[in-house]
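Since the structure comes first, as structure tokens, the remarks are kept for the end.
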Amino acid sequence: MPELPEVEVIRRDLERDAVGRRIKEVQVKLPRIIRRHKTKKEFADALIGAKITRIDRRGKYILCHLDNGNVLVMHLGMSGRIERSTGRKAAEKHTHVVLKLQTGGELRFIDMRQFGELFVTAGEMDGVKELAHIALDPLADSFTWQVFSEIVSSRKMKLKTLLMDQKFISGIGNIYSDEILWAAGLRYERPSDQLTSQEMRRLYRAMQEVLQDGIRHGGVTLEDETYRNLYGKQGEFQDHLKVYGQEGKPCRRCRTPIVRDRWGNRSTYYCPQCQV
DNA sequence: GTTTAACCCTGCACGC
DNA sequence: TGCGTGCAGGGTTAAA
């Protein structure tokens with residue numbers, strides 16, 4: 001569920017609240033979450049005593065840079081979240097990893113569906129090798145209209161597949177891809193190499209605007225309430241969704257009922273009238 | 001190169 | 001009440 005905007009909201013929270021703090025103790029309650037490591041000890045030893053110096057984001061991955069040269073990489077999967085706690089409140093169900101901080105308090109990794117993961121790796125000059133396949137961030141300054149245009153037009157893929165493919169564009173998932181395509185007035189199955197230059201510009205602008213809007217509204221918290229920010233607050237962008245989850249409701253542009261298609265094993269929502 | 005399906009997982013809704 | 005089934009979905013992988 002967490003996509004680029006939700007992850008960015010958490011990144012900003014962590015930047016405010018975790019940078020400068022030292023990790024005192026690491027508890028791993030579910031080894032599956034640190035599946036890239038052979039043992040809990042290997043994971044914990046790479047973290048204990050280290051100070052968090054910077055928080056970055058690469059697509060849907062959060063990168064906590066440490067003063068020992070390591071990087072703690074976190075992916076929230078579908079239902080993961082990170083909670084800042086004083087440590088006094090009992091850990092809620094599905095709390096799988098706890099990082100206790102030297103100055104008090106702790107960071108808890110909570111994930112009902114266990115698709116999320118944490119791992120520690122050596123930081124390198126040009127990033128983290130495990131994330132080498134993750135494409136440029138669509139909100140990065142270097143992700144220009146020209147770069148986007150080249151990515152889209154040089155492939156023959158359905159637009160939604162392309163938007164969601166982390167190798168080409170990072171951070172977009174099922175919810176935001178539907179919203180971006182609605183904002184651009186384009187159908188999810190349109191071949192990426194057959195857009196007019198006007199359509200291409202609309203798609204680029206829609207991508208930037210929808211993602212920024214998502215961040216501004218604190219991300220999307222659906223009815224399952226799995227997504228919260230670092231302090232447990234829900235997002236508000238679900239109240240601004242134009243198509244995702246809006247099946248049968250009138251399109252905000254043309255009043256035509258929004259349609260839901262089963263596409264692969266995902267749902268996709270669109271307006272059959274104004275998305276062409 | 002691109003598409004499709006299966007897999008991982010839990011909670012919930014639904015039908016019988 | 002209780003059981004089985006299907007669904008939600010991100011990323012990876014294998015097969016088509």
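To find a chain, count down the sequence lines: A is the first, B the second, and so on, and within it residues start at 1.
The side-chain heavy atoms of I10(A) and R57(A), taken from C-beta on, include no pair separated by under 4.5 Å. Considering only heavy atoms from C-beta on, L159(A) stays 4.5 Å or farther from Y188(A) through its side chain. Side-chain contact between Y176(A) and P5(A) is present, with heavy atoms from C-beta onward closer than 4.5 Å.
A donor-acceptor pair is defined here as one N or O able to donate and one able to accept, closer than 3.5 Å; no such pair exists between the side chain of Q208(A) and the backbone of R205(A).
Between N174(A) and S267(A), the side chains place no donor N or O within less than 3.5 Å of an acceptor N or O (distance only, hydrogens not considered).
A close approach under 4.0 Å does occur between a side-chain nitrogen or oxygen of K60(A) and OP1 or OP2 of dG11(C). Distances shorter than 4.0 Å separate some side-chain N or O of H133(A) from OP1 or OP2 on dT12(C). Phosphate contact (OP1/OP2 of dG10(C), side-chain N/O of H75(A), threshold under 4.0 Å): absent. The phosphate of dG11(B) has OP1 or OP2 within less than 4.0 Å of a side-chain N or O from H94(A). A close approach under 4.0 Å does occur between a side-chain nitrogen or oxygen of K93(A) and OP1 or OP2 of dG11(B).
Within 4.0 Å (heavy atoms only), S267(A) reaches sugar-phosphate atoms of the nucleic acid but no base atom.
Atom P of nucleotide dG1(B) and atom CD1 of I151(A) are separated by 16 Å, given to the nearest angstrom.
Taking five base pairs at each end of the helix from dT2(B)-dA16(C) to dC16(B)-dG2(C) and finding the rotation axis that steps the C1' atoms of four pairs onto the next four gives two axes whose angle is 50°, to the nearest 10°.
Taking every side-chain heavy atom of Y61(A) into account, dG11(C) is the closest of dC8(B), dG11(C), dG10(C).
Put simply, the side chain of R266(A) and the base of dG10(C) share a donor and an acceptor less than 3.5 Å apart.
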(message) Could you go through K100(A) and E106(A), starting from their C-alpha distance and side-chain angles, then the distance that decides it, and tell me whether this counts as salt bridge (charged side-chain N to carboxylate O under 4.0 Å, His left out)?
(response) CA-CA 4 Å; K100(A) 291 187 185 269; E106(A) 57 195 42; 3.2 Å; yes
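In this structure, the aromatic ring of F115(A) is positioned over the six-membered ring of the base of dG10(C), centres within 5.5 Å and planes within 30°.
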